[in-house]
Asker: 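Quick one: the structure is below, and I'll ask about it shortly.
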Number of protein chains: 2
Amino acid sequence: MSAPHSPAGPEACDVREALDLVTDKWSLYIVSNLSAGPRRFNELRRAVNGITQRMLTLSLRNLERDGIVARTVHEVMPPRVSYRLTPLGAGLLEAAAPLIAWSAGHVSDITAARARYDVG
Amino acid sequence: MSAPHSPAGPEACDVREALDLVTDKWSLYIVSNLSAGPRRFNELRRAVNGITQRMLTLSLRNLERDGIVARTVHEVMPPRVSYRLTPLGAGLLEAAAPLIAWSAGHVSDITAARARYDVG
DNA sequence: CGGTATCCAGCGGGATACTG
DNA sequence: CAGTATCCCGCTGGATACCG
């Protein structure tokens with residue numbers, strides 16, 4: 001099909017691209033769990049509520065690919081791999097912090113709104 | 001329940017709940033398009049790059065249900081329906097603004113990081 | 001420990017057609 | 001104009017098993 005007709009401004013596409021970074025289930029959650037410093041794979045797995053091994057691996061790979069997270073392998077036995085935020089990732093976390101805080105603070109408002117909507 | 005090494009205390013579940021608000025493809029995009037004031041259905045459709053009629057309807061219903069967006073029907077012919085942010089929605093937009101701005105401003109960084117990753 | 005590989009269910013979401 | 005209804009494909013992501 002024809003490319004999205006958005007000559008209206010270069011920002012439109014950027015915003016869509018940008019929001020895709022946030023549109024996946026785990027990335028922001030993982031990033032926020034790396035705020036306190038480097039974490040090993042299984043530390044993250046325990047910290048990130050409900051994530052599977054597979055999804056943690058995939059999410060970390062994507063974050064690494066995007067330059068958000070850095071992966072370090074320590075060549076010892078047993079294997080030791082740690083993950084930490086890059087400067088880019090730290091910037092993302094900083095930018096996301098208000099949204100995360102707001103969301104956490106307004107879950108009850110939204111739950112209430114839903115209840116009202118579903119009744120009336 | 002706060003483990004000493006984990007930032008995930010009782011807030012953990014809330015954060016997951018909260019991030020689910022952001023985890024869908026269109027909501028933040030729509031909300032950001034309502035920042036300048038009320039919009040009619042097809043205005044939004046044109047503004048929100050690439051959205052289908054179905055997904056716009058579904059997304060607006062969810063946002064209305066969550067108390068983020070208010071829907072007003074003007075009983076005229078042809079039908080006229082407008083959508084605007086509620087105070088809650090305005091708060092969400094305010095909280096999301098830094099993330100949206102950051103994302104839009106760092107798309108190129110991320111694209112570059114991907115290119116580097118894919119080569120090496 | 002830190003992954004891959006494989007299988008598969010669910011649903012997000014696009015295309016299309018119809019309606020008040 | 002502002003939706004509903006229907007069909008269906010593909011990707012997300014969960015469960016499980018295996019590997020260096």
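Just so you know, these numbers use all the heavy atoms, side chains as well, and skip hydrogens, waters and symmetry mates. Proteins get letters first, then strands, A, B, ... in listed order; numbering begins at 1 in each. Computed from a predicted structure; not experimentally measured.
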Asker: Rounded to the nearest 0.5 Å, how far apart are CZ of Arg39(B) and CZ of Arg46(B)?
Answerer: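 Output value for this atom pair is 10.5 Å.
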Asker: So, do Ile51(A) and Ile30(A) sit near enough that their side-chain heavy atoms are less than 4.5 Å apart?
Answerer: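 Result yes, sub-4.5 Å side-chain heavy-atom pair found.
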Asker: Side chain to side chain contact (heavy atoms under 4.5 Å, CB included) with Thr86(B): which residues, sequence neighbours excluded?
Answerer: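 Residues passing side chain to side chain contact (heavy atoms under 4.5 Å, CB included) with Thr86(B): Ala70(B), Leu88(B).
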Asker: Going by the side chain to side chain donor-acceptor pair (under 3.5 Å) test, which pairs reach into residues 68-81 of chain A, not counting sequence neighbours?
Answerer: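 Those involving residues 68-81 of chain A are Arg71(A)-Tyr83(A).
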Asker: If the helix axis at each end comes from five base pairs, how far does the helix from dC1(C)-dG20(D) to dG20(C)-dC1(D) deviate from straight, to 10°?
Answerer: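 Between the first-five-pair axis and the last-five-pair axis there is 50°.
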Asker: So, using side chain to side chain donor-acceptor pair (under 3.5 Å) as the criterion, who are the partners of Asp109(A) when residues are at least two apart?
Answerer: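 Side chain to side chain donor-acceptor pair (under 3.5 Å) list for Asp109(A), sorted by chain: empty.
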Asker: Applying side chain to side chain donor-acceptor pair (under 3.5 Å), name anything that partners Arg84(B), two or more places apart in sequence or on another chain.
Answerer: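 With neighbours one apart ignored, the set is empty.
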Asker: Name every donor-acceptor pair, under 3.5 Å, that has one atom in a side chain of residues 112-120 of chain A and the other anywhere in the protein, sequence neighbours excluded.
Answerer:
unit_1	atom_1	unit_2	atom_2	d
Arg114(A)	NE	Asp66(B)	OD1	2.5
Arg114(A)	NH2	Asp66(B)	OD1	3.4
Arg114(A)	NH2	Asp66(B)	OD2	3.3
Asp118(A)	OD1	Arg65(B)	NH1	2.8
Asp118(A)	OD2	Arg65(B)	NH1	2.5

Asker: Once each nucleotide of nucleotides 1-15 of chain D is scored for protein heavy atoms under 4.0 Å, what B/S/- sequence comes out, 5' to 3'?
Answerer: BBBB-B------BBB
Asker: What integer distance in Å separates Arg45(A):CZ from dC1(C):P?
Answerer: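 About 9 Å, once rounded to whole Å.
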Asker: Indicate every side-chain donor-acceptor pair of residues 56-64 of chain A with a distance under 3.5 Å to a residue at least two apart or in another chain.
Answerer:
unit_1	atom_1	unit_2	atom_2	d
Thr57(A)	OG1	Gln53(A)	O	3.0
Ser59(A)	OG	Met55(A)	O	2.7
Asn62(A)	ND2	Leu58(A)	O	3.4

